[in-house]
Visitor: 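Have a look at the structure that comes next, please.
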Protein chains: 2
Amino acid sequence: MQQPVLPIAQSGTRTLAAELPSRAGDDVRLAGWVHRRRRLASVTFVVLRDRSGLAQVVVREPRALTQVEEIGEETVVEVTGKAVANPQTPGGVEVVDPTFHLLTEPARTPPVELWRPAVNAGLPTLLDHAPVTLRHPLLRAPFELAAASVAGFRDTLGGLDFTEIQTPKIVGSVTESGANVFKLDYFGGPAYLAQSPQFYKQTMVGVFERVFEVGPVFRAEPHDTVRHLAEYVSLDGELGFVRDHRDVMAMVARVVAGMLDAVRERAAGAVERLDLTLPKLPAEIPSLHFSEALRLVGASPDEPDLAPAHERAIGEWALREHGSDFVFVTGYPMVKRPFYTHPQPDDPRWSNSFDLLFRGLELVTGGQRLHRYEDYVAALEAAGQPLEPFASYLETFAYGMPPHGGFAFGLERWTARLVGVENIRQVTLFPRDLHRLAP
Amino acid sequence: MQQPVLPIAQSGTRTLAAELPSRAGDDVRLAGWVHRRRRLASVTFVVLRDRSGLAQVVVREPRALTQVEEIGEETVVEVTGKAVANPQTPGGVEVVDPTFHLLTEPARTPPVELWRPAVNAGLPTLLDHAPVTLRHPLLRAPFELAAASVAGFRDTLGGLDFTEIQTPKIVGSVTESGANVFKLDYFGGPAYLAQSPQFYKQTMVGVFERVFEVGPVFRAEPHDTVRHLAEYVSLDGELGFVRDHRDVMAMVARVVAGMLDAVRERAAGAVERLDLTLPKLPAEIPSLHFSEALRLVGASPDEPDLAPAHERAIGEWALREHGSDFVFVTGYPMVKRPFYTHPQPDDPRWSNSFDLLFRGLELVTGGQRLHRYEDYVAALEAAGQPLEPFASYLETFAYGMPPHGGFAFGLERWTARLVGVENIRQVTLFPRDLHRLAP
């Protein structure tokens, strides 16, 4: 038999940049990318970048100075040397008397200067060269926020008895909304990419009562805006035994709080690097009925939807009057909501649905769903839809479903508002849109 | 302004079935599905099912007995009554003097009798009616195991400084393996569904050093077996600054341990319901080189791969000789591995790759990757591949990449081995294969 698997070689001996401040006086071995070289008359400062941050290496010896001349930025190296305190260096400890060992050939010069503190390239260049440009500490930061946020989403719901599910992204029929789906060749027949896990997550309420899913969704809308992508990550939740949409809203409020807590705890470095002010989330998120929202913004009471300017005005009102970067708008007209939406019991023009606006932009959509089989049949008939494509979905309700509701966040919209960027592509690893299918 | 969002109505007042044992003597309100009615001469036992388990309700009053007659299995009800100790009842506490309140119309009779302790239907029926059949406590259990396993996967890697990523599932070119991809119409041009996040996760090692992703992958292989699906959930990890594939294997061993711990902690109910014996995982997973594996099973030393019977024999050897349900096979012939595989330095016929067999079946594939730009160019040229479709991927290596490697688990295969079922469709919520695209 071969030797058993050994413990990870470097775990005991590699020092991360973030650990350096506690290692003054020690011999250390760092590994990472040459982030920056700064040449002065008799000394060169090499800034090494690893997953934890940056470390300064001071090069004075002629042999090392010659070696460093040939190691371009982004070359991957190991550095052994001595950690010494220096109050002038960031973090207070730097590495002196270094020996460099190359782990690859010297790297080519990147298409964007990653060592500059600011990003000095346009979005098309950044996206075209994403495999390299994402290494910039400011450009990777949004993805640290996203990872923390998703962890907070899951932890919050997992702690409240939600079960995680994975539902199929290839579906056999177009049901939720008639158009705007990608069609594919499925072993010679037609199939489609799922626009959302809506039907599946409702179905799974019948199994687990409370479920969530984090996964890709696909929209073939030929939008060419800063807010739309052809593929994005949807954070979905659905729960049974609710009173109405207000229980769903209370759950959304807990999820948002959990996501912000996770950002604070798990992505503090990214928050600091981006110099972010995290949003204000009061103990109670303010809430307006759609009809009140129209009055507030001075729109006609017959408007069926809120325009972007209206959403911005409502966001400003919530911040001004309630100290909140978040505001719920409830009761959207039934005509603007999908067929499975539960009407408002005392006035069925309105619905038991809501949007959550975050800094004046729609972030979450949710609501109470119909739960009675007969209500589904009536809603589909009223929409002029045949029942047959919905047969499996309808089975869920024929065999007993509790009052339930749910919600969906777009991850990229969340991150964009958190970071304060207009274009959602800036917070998407490899965006897909009308014009972009690579890298 | 509308009333602020209230706390969840039921949270303070609803008692879950699993909480009943601690509520003896109290007035309680339960909510859930009528799982089973058992009628005796003067009493009917109603078993109520909720997300936490089953609760017994004892009906003796004539009015309630009449009411219960009309409430079919799967009807969603609220039950108020008194919790009383009864040593004969499962859990030791049952509900007496009940009042039933229907939350929906009485449910139709399900296509499969969900109240029977055993599942008495064939797989096609179970899959055709998955929205309902998944409610059976034995059929939902594998998905509790899967959810716990995924949480264990993430928690283990998150605790080791891995960053979670989400990479696109729509890709512009077919690169990783020439065939077996689903093609779709992307705004009038061709695009494909990603077979794996392989290229993206390697790229992201350049950004975060250590990354993981949990997401769907798509295989258009026209396989018609119990082991293959057209869409499945892949648990992917990739890490930089490794010595070689042994560091990756050590990480896989930690991940497997973390997944099993999570199953024990988070899915104890499912383990008990399915009466599972969890696999034996020794402190060191045994490991065989491919050439040794061939000798062990008596195969010709020229065999390029292991047949299923070989894998089973190796699994039996690992259990017999090392008390392990897991065994690594390393060094698979380069000819059977993808172009990005790192060769074994002392003998380039072999590779720095591995499979992890779980109870005699391949569970994980992984290995060290090439990390030098020139090695990629040479490997692609040797494979007769043009460089241009790989331009973005190659950029990753031209600008400096550390030695790295990674691994991928198929979630459904993991769950199938854990549960001990042959057919992967039994542990997939809504499977997709040559013949099945619904529900």
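Letters go in sequence order (proteins before strands), and every chain restarts at 1. The shown structure was predicted, so the numbers you read here are calculated from the model rather than taken from an experiment.
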Visitor: Which atoms form the tightest heavy-atom contact between A:P190 and B:L437, and what is the distance?
Guide: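 Looking at all heavy atoms of both residues, the closest pair is O-CD2, 3.7 Å.
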Visitor: Given that the side chain runs from C-beta out, which part of A:L139 has a heavy atom under 4.5 Å from chain B: side chain, backbone, both or neither?
Guide: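 Answer is neither: A:L139 stays 4.5 Å or more from chain B.
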Visitor: Side-chain contact, heavy-atom cut-off 4.5 Å: A:V207 with B:L429?
Guide: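 A:V207 does not reach B:L429 side chain to side chain.
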Visitor: Could you tell me whether A:R51 sits above the aromatic face of B:F162, with NZ or CZ closer than 6.0 angstrom to the six-membered ring centre and within 45 degrees of the axis?
Guide: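 Pair A:R51/B:F162 does not count as cation-pi.
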Visitor: Taking the six-membered ring for Trp and the single ring otherwise, decide whether the centroids of B:F208 and A:W33 are under 6.0 Å apart.
Guide: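 Between B:F208 and A:W33, the centre distance exceeds or equals 6.0 Å.
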Visitor: Taking 4.0 angstrom as the limit, do A:R154 and B:E164 come out as a salt bridge?
Guide: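 Salt bridge between A:R154 and B:E164, a charged N being under 4.0 Å from a carboxylate O: yes.
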Visitor: What I'd like to find out is whether the side chain of A:D185 reaches to under 4.5 Å of the side chain of B:D185, using heavy atoms alone.
Guide: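 No; the side chains remain at least 4.5 Å from each other.
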Visitor: Taking B:P168's backbone N and O only, do any of them form a donor-acceptor pair with A:R432's side chain (distance below 3.5 Å, no angle check)?
Guide: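 No: the side chain of A:R432 does not pair with the backbone of B:P168.
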Visitor: Taking all heavy atoms of A:D128 and all of B:E395, pick out the closest pair and write down the distance.
Guide: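 Smallest heavy-atom distance, with atoms named: O-OE1, 4.1 Å.
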Visitor: Hey, is B:R14 close enough to A:E209 for a salt bridge, meaning N to O under 4.0 Å?
Guide: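 Result for this pair is yes, salt bridge flagged.
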Visitor: Given side chains that start at C-beta, do those of A:F199 and B:P439 come closer than 4.5 Å, heavy atoms only?
Guide: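 Sidechains of B:P439 and A:F199: no contact.
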Visitor: Once side chain to side chain donor-acceptor pair (under 3.5 Å) is applied, do any residues pair with A:E231, and if so which ones, sequence neighbours excluded?
Guide: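 Per chain and number, A:E231 pairs via side chain to side chain donor-acceptor pair (under 3.5 Å) with no residue.
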Visitor: Apply salt bridge (charged side-chain N to carboxylate O under 4.0 Å, His left out) to B:R135 and list each qualifying residue two or more places apart in sequence or on a separate chain.
Guide: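 Only B:E74 meet the salt bridge (charged side-chain N to carboxylate O under 4.0 Å, His left out) criterion with B:R135.
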